[in-house]
Amino acid sequence: MYGIYKVKKEYEPFVIGREQLLYDLLKEKGEQGNDLKEIHYLCDVIEPEVIDEAILSNLSKVFETIERENGEYKLTHPVKGSILISLSAYSLSVFCDGSRMLDLDLFVALSEVDSRFFSVMDINGGGGWL
């Protein structure tokens with residue numbers, strides 16, 4: 001499980017080279033919820049249209065089924081597995097069940113619509129730009 005945030009354009013130059021600081025902040029604050037000043041200050045609101053474009057336009061070629069309901073998506077691939085995505089104001093919560101290739105598919109699709117997405121993984125303690 002991990003979260004994906006979109007860094008504000010004006011803070012991107014400051015964050016580059018300081019990704020560990022951003023990771024630490026988002027990991028700590030993200031666990032408390034998205035309603036925190038630090039997240040509002042550093043991150044853009046996630047626009048549902050951008051996520052729709054990334055998922056429906058880019059991933060419909062890769063995944064056999066894509067279900068969308070109330071700001072949540074379920075993408076299923078017969079071999080790789082499935083991705084569950086929940087959309088909130090400042091982040092995407094993502095759970096992949098299956099191959100690590102699922103992450104890559106999603107990261108590529110999101111990075112094609114914007115270069116400022118940053119992921120924070122819960123399990124491995126990793127994160128970074130998409």
Side-chain angles (χ1 to χ4, degrees):
M1 177 113 168
Y2 53 92
I4 298 176
Y5 300 84
K6 185 176 174 186
V7 175
K8 288 183 177 177
K9 188 174 187 83
E10 62 264 30
Y11 299 120
E12 183 180 19
F14 175 77
V15 171
I16 292 175
R18 297 175 180 92
E19 286 85 0
Q20 186 62 45
L21 293 172
L22 179 62
Y23 170 80
D24 292 341
L25 174 77
L26 292 175
K27 176 128 175 77
E28 177 188 334
K29 301 299 181 186
E31 290 170 356
Q32 298 172 19
N34 287 324
D35 262 356
L36 295 165
K37 290 185 287 186
E38 295 90 346
I39 291 176
H40 292 220
Y41 185 78
L42 286 171
C43 300
D44 271 335
V45 171
I46 303 287
E47 299 166 359
E49 305 81 36
V50 171
I51 303 308
D52 274 352
E53 179 184 339
I55 291 174
L56 300 176
S57 298
N58 298 330
L59 293 176
S60 63
K61 303 166 202 145
V62 178
F63 287 86
E64 190 172 280
T65 61
I66 297 177
E67 300 170 28
R68 177 178 59 168
E69 186 176 324
N70 298 328
E72 294 187 349
Y73 301 85
K74 181 177 182 182
L75 295 81
T76 306
H77 187 278
V79 175
K80 296 178 187 178
S82 63
I83 303 174
L84 300 173
I85 303 168
S86 299
L87 180 62
S88 66
Y90 285 89
S91 70
L92 298 171
S93 295
V94 180
F95 177 76
C96 294
D97 184 24
S99 167
R100 295 290 297 178
M101 291 299 294
L102 295 167
D103 297 340
L104 182 59
D105 291 337
L106 178 61
F107 291 172
V108 167
L110 289 173
S111 66
E112 286 181 7
V113 295
D114 202 300
S115 64
R116 294 180 285 124
F117 284 108
F118 192 88
S119 72
V120 176
M121 294 189 161
D122 289 343
I123 298 171
N124 300 354
W129 298 105
L130 302 190

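- Under the 4.5 Å side-chain heavy-atom criterion for grouping Ile, Leu, Val, Met, Phe, Trp and Tyr, Leu25 is not connected to Leu21 through any hydrophobic cluster.
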For residues 42-49, please give each side-chain donor-acceptor pair under 3.5 Å, one per line with the distance, not counting sequence neighbours.
| from | atom 1 | to | atom 2 | distance (Å) |
| --- | --- | --- | --- | --- |
| Asp44 | OD2 | Arg116 | NH1 | 2.9 |

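- Taking SG of Cys96 as the reference point, atom CE of Met1 lies at 10.5 Å (rounded to 0.5 Å).
- Taking both residues in full, the closest heavy atoms of Asn58 and Ala109 are given as ND2-O, 3.3 Å, listed atom of the first, atom of the second, then distance.
- For the side chain to side chain contact (heavy atoms under 4.5 Å, CB included) test, residues two or more places apart in sequence or in another chain that qualify with Thr65 are Thr76.
- The structure places CG of Asn70 at 11.5 Å from CG of Leu87, a figure rounded to the nearest 0.5 Å.
- Taking the six-membered ring wherever Trp is involved, the centroid distance between the rings of Tyr11 and Tyr5 does not fall below 6.0 Å.
- Between Leu106 and Leu92 the shortest side-chain heavy-atom distance does not fall below 4.5 Å.
- A ring pair (Phe, Tyr, Trp, His ring centres under 6.0 Å) with Tyr2 is found for exactly one of Phe95, Phe118, Phe107, namely Phe107.
- Residue pairs that meet the salt bridge (Lys or Arg N to Asp or Glu O under 4.0 Å) test with at least one member in residues 7-17, sequence neighbours left out, do not exist here.
- Closest of all the heavy-atom pairs between Asp97 and Leu102 is O-CD1, 3.7 Å.
- Qualifying ring-ring contact (aromatic ring centres under 6.0 Å, His included) partners for Phe117, counting only residues two or more places apart in sequence or in other chains: none.
- Applying the salt bridge (Lys or Arg N to Asp or Glu O under 4.0 Å) test to pairs two or more places apart or on separate chains, those with a residue in residues 101-111 are Lys80-Asp105, Arg100-Asp103.
- The ring-ring contact (aromatic ring centres under 6.0 Å, His included) analysis of residues 54-89, with sequence neighbours excluded, yields no pairs.
- Within the structure, salt bridge (Lys or Arg N to Asp or Glu O under 4.0 Å) contacts touching residues 52-63 (residues at least two apart or in different chains) are Asp52-Arg68.
- In terms of the side chain to side chain contact (heavy atoms under 4.5 Å, CB included) criterion, residue partners of Ser86 (sequence neighbours excluded) are, by chain and number, Glu72, Ser93.
- Follow the hydrophobic side-chain contacts under 4.5 Å out from Leu22 and you reach Tyr41 in the same cluster.
- In terms of heavy-atom proximity, Arg18 sits nearest to Pro13 at NH1-O, 4.5 Å.
- By the side chain to side chain donor-acceptor pair (under 3.5 Å) test, Glu19 pairs with Trp129, sequence neighbours left out.
- Listed by chain and number, the residues in a ring-ring contact (aromatic ring centres under 6.0 Å, His included) with Phe14 amount to none (sequence neighbours excluded).
- Hydrophobic clustering, defined by side-chain heavy atoms of Ile, Leu, Val, Met, Phe, Trp and Tyr closer than 4.5 Å, groups Val108 together with Met101, Leu104.
- Within the model, atoms CD1 of Ile55 and CD1 of Ile66 stand 7.5 Å from one another, a figure rounded to the nearest 0.5 Å.
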